[in-house]
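The structure appears right after this line, and notes come after that.
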2 protein chains.
Amino acid sequence: MSSISVLAELPQLKRRTLADTAYEALADLLASGRLTPGDRLSLRQSAAALGVSVMPVREAVSRLVADGVLEVAPTRAIRVPVMTAQDFRALAETRMAIEGMAAARAAERRSESELTAIRRAEAAFRAEAASAQPDSARAVRLNRDLHFAIYAACGLAPLQEIIARLWLKAGPVINLDLRAHPERLRHGYALRRHAEALAAIEARDGPVAAAALAADIREATDFILSRGGLRDG
Amino acid sequence: MSSISVLAELPQLKRRTLADTAYEALADLLASGRLTPGDRLSLRQSAAALGVSVMPVREAVSRLVADGVLEVAPTRAIRVPVMTAQDFRALAETRMAIEGMAAARAAERRSESELTAIRRAEAAFRAEAASAQPDSARAVRLNRDLHFAIYAACGLAPLQEIIARLWLKAGPVINLDLRAHPERLRHGYALRRHAEALAAIEARDGPVAAAALAADIREATDFILSRGGLRDG
DNA sequence: GCTAGTGATCTGTGATCACAGCTCCGCAGA
DNA sequence: TCTGCGGAGCTGTGATCACAGATCACTAGC
């Protein structure tokens with residue numbers, strides 16, 4: 001054992017493999033909606049685009065498949081799953097339940113610094129939505145930042161990972177719709193729910209925070225479903 | 001289109017790769033506690049044991065690593081993570097929240113056939129626990145069957161997948177403890193909570209079902225933590 | 001004109017090889 | 001007794017090759 005006990009405080013530095021990088025690259029494509037439901041993916045083409053061999057891409061894709069974010073058809077084609085309306089509704093209900101719960105916990109246990117981070121994220125999203133020419137991609141990212149600032153305050157790391165996976169799964173559908181109908185941003189639904197959530201978190205009111213988050217998700221889901229872009233199962 | 005319309009009723013037969021099989025084999029080792037926290041794993045040795053090349057094992061391991069069920073140390077060693085007491089408590093709290101919620105939904109929406117399945121699973125576990133010489137491994141499996149019979153009745157497929165992942169993560173710790181202290185089975189804690197949950201599901205009482213499941217998880221967790229087998233973080 | 005067949009090409013899956021880096025063990029030096 | 005130093009034997013990671021099976025454009029036959 002070294003006598004320099006300060007070394008014990010050093011964080012374990014984690015190894016970054018090419019597969020990790022490939023995973024993030026693909027996840028970003030999905031979360032930002034640049035890969036939309038039904039899109040196909042080729043290992044070799046993706047590998048060429050990333051400048052690596054197929055191996056790292058393979059590993060990344062197999063993780064995404066395990067998460068249900070991608071799927072490989074019996075025909076050996078990798079593609080973004082096309083969800084039925086029922087699938088999407090079940091996913092939304094799961095999100096409402098889990099993210100609502102995370103928001104409730106966040107409201108009850110948030111620290112001052114976490115509250116500050118949430119306030120800042122809310123303001124950033126509000127500013128973007130209120131701007132003369134809102135940038136969809138930027139708004140999506142800021143919305144995500146706000147939600148995860150809230151979930152980060154819930155104090156349960158496993159819960160945050162679960163939510164991140166759910167977002168990855170819902171990402172393609174949500175972003176596809178947002179691209180087709182960017183005007184929803186102006187309606188201010190999300191803004192109202194965000195304000196409600198922020199107020200509830202400030203007041204340490206768990207149930208109200210949960211209700212606000214759930215309403216945010218429900219309204220976005222209903223909007224998308226009302227468009228009829230998803231087929232029935 | 002073929003004129004034999006019956007063909008439309010055929011189910012999509014899903015491809016089973018060696019990687020899938022390897023994943024299940026490893027997951028079973030973890031869920032049943034034959035791999036315990038701290039155990040190391042070698043790709044080549046695992047591959048040899050399974051009679052395949054390293055490739056399928058690699059893919060399976062990378063999925064388990066993504067799930068947090070295995071980890072690769074910076075030293076390039078694959079092992080079952082050793083959770084701190086805090087980690088385990090956070091995992092348990094997450095489980096209580098999520099599985100409680102699933103149980104509540106199950107109570108409210110269960111069909112008669114689902115209720116029958118739950119009754120049968122509860123009786124099977126009770127019979128095993130009451131037997132003269134309870135088989136730990138068998139009891140663990142029956143306990144799992146009962147829990148998942150309940151969650152299957154919640155009607156949300158994404159939620160079930162999430163719970164399955166959480167169980168895989170908690171499996172090694174729980175089973176390790178159960179092997180060391182099989183006497184807990186006789187105390188009947190689990191039996192009481194199971195009976196409460198079953199009664200609540202029969203009565204379609206969501207909150208009580210959630211409370212019973214949460215209590216089941218909490219008691220098992222407290223028992224394990226009281227043993228002091230987990231180091232602090 | 002439409003269907004069935006055919007071959008070139010591309011797909012994911014699996015096996016194998018190459019390699020940098022770690023562990024372990026014995027040995028030499030203080 | 002402890003420390004430092006190699007070298008052999010591992011490790012996971014990545015690249016490459018082999019292969020069965022699918023796709024797609026195209027043609028022959030009705």
Side-chain angles (χ1 to χ4, degrees), chain A residues 1-4 7 10 12-26 29-30 35 38-82, chain B residues 1-5 7 10-26 29-30 35 38-82:
Chain A
M1 183 62 73
S2 162
S3 62
I4 315 179
L7 293 180
L10 286 177
Q12 290 267 329
L13 37 93
K14 59 184 174 189
R15 182 177 298 274
R16 273 192 74 77
T17 66
L18 288 181
D20 292 333
T21 312
Y23 178 88
E24 285 177 20
L26 291 178
L29 286 184
L30 288 157
L35 277 176
D39 278 3
R40 292 218 317 229
L41 213 61
S42 155
L43 288 185
R44 286 172 175 85
Q45 287 175 23
S46 308
L50 289 168
V52 295
S53 85
V54 298
M55 278 296 322
V57 181
R58 228 171 120 168
E59 214 173 294
V61 165
S62 87
R63 286 187 217 167
L64 290 165
V65 168
D67 288 348
V69 180
L70 290 178
E71 69 178 10
V72 332
T75 148
R76 286 189 172 170
I78 301 169
R79 45 178 194 143
V80 184
V82 290
Chain B
M1 186 63 74
S2 164
S3 63
I4 313 177
S5 61
L7 294 180
L10 286 176
Q12 289 267 331
L13 39 92
K14 58 183 173 188
R15 179 178 301 273
R16 274 192 73 79
T17 66
L18 289 182
D20 293 333
T21 312
Y23 178 88
E24 285 177 21
L26 291 178
L29 286 185
L30 288 157
L35 276 176
D39 279 2
R40 291 216 317 226
L41 213 61
S42 155
L43 288 185
R44 286 173 175 82
Q45 288 175 22
S46 309
L50 289 168
V52 295
S53 85
V54 297
M55 276 297 323
V57 181
R58 229 171 118 168
E59 215 172 294
V61 166
S62 86
R63 287 187 217 168
L64 290 165
V65 168
D67 288 349
V69 179
L70 291 178
E71 67 179 10
V72 334
T75 148
R76 285 188 172 170
I78 301 170
R79 43 176 197 147
V80 184
V82 291

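Proteins come first, then strands; the chains are lettered A, B, ... in the order of their sequence lines, and each starts at number 1. Computed over heavy atoms, backbone and side chain alike; hydrogens, waters and symmetry mates excluded.
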E71(A) CD - dG12(C) P separation (whole Å): 14 Å

For atom CG of L18(A) and atom P of dA20(C), their distance in whole Å: 15 Å

Distance, rounded to the nearest Å, where E59(B) contributes CD and dT13(D) contributes C1': 14 Å

Touch class at under 4.0 angstrom, heavy-atom based, for V54(B) against every strand present: base

Selection from dA15(C), dG12(D), dA15(D) that lies nearest to any side-chain heavy atom of S42(B): dG12(D)

Candidates dT11(D), dT23(D), dG14(D) - which lies nearest the side chain of T75(A): dT23(D)

Given DNA chain D, 5'-ward residue of the pair R44(B) and M55(A), judged by closest heavy atom: R44(B)

R76(B), nearest nucleotide to its side chain (from dT13(D), dA15(C), dA15(D)): dT13(D)

No-H, no-angle donor-acceptor pair, R58(A) side chain to dG14(D) base, under 3.5 Å: no

Nearest-neighbour nucleotide for the V72(A) side chain, dT13(C), dG14(D), dG12(D) considered: dT13(C)

Check against side-chain contact (heavy atoms from CB on, under 4.5 Å), L70(B) and L30(B): CA-CA 9 Å; L70(B) 291 178; L30(B) 288 157; 4.3 Å; yes

Minimum-distance pair of heavy atoms, taken over all atoms of P81(B) and V69(B): CD-O, 3.1 Å

Gap between atom OG1 of T17(A) and atom CE of M55(A) - 0.5 Å precision: 10.0 Å

Check against side-chain contact (heavy atoms from CB on, under 4.5 Å), E71(B) and V82(B): CA-CA 10 Å; E71(B) 67 179 10; V82(B) 291; 5.5 Å; no

Between P of dT11(D) and CG of L41(B), the distance in whole Å: 11 Å

Phosphate-side-chain proximity, Q45(B) and dT11(D), N/O vs OP1/OP2 below 4.0 Å: yes

Atom pair distance, as rounded to whole Å: CG in L43(A) and P in dT16(D): 15 Å

Distance, rounded to the nearest Å, where R40(B) contributes CZ and dC22(C) contributes P: 14 Å

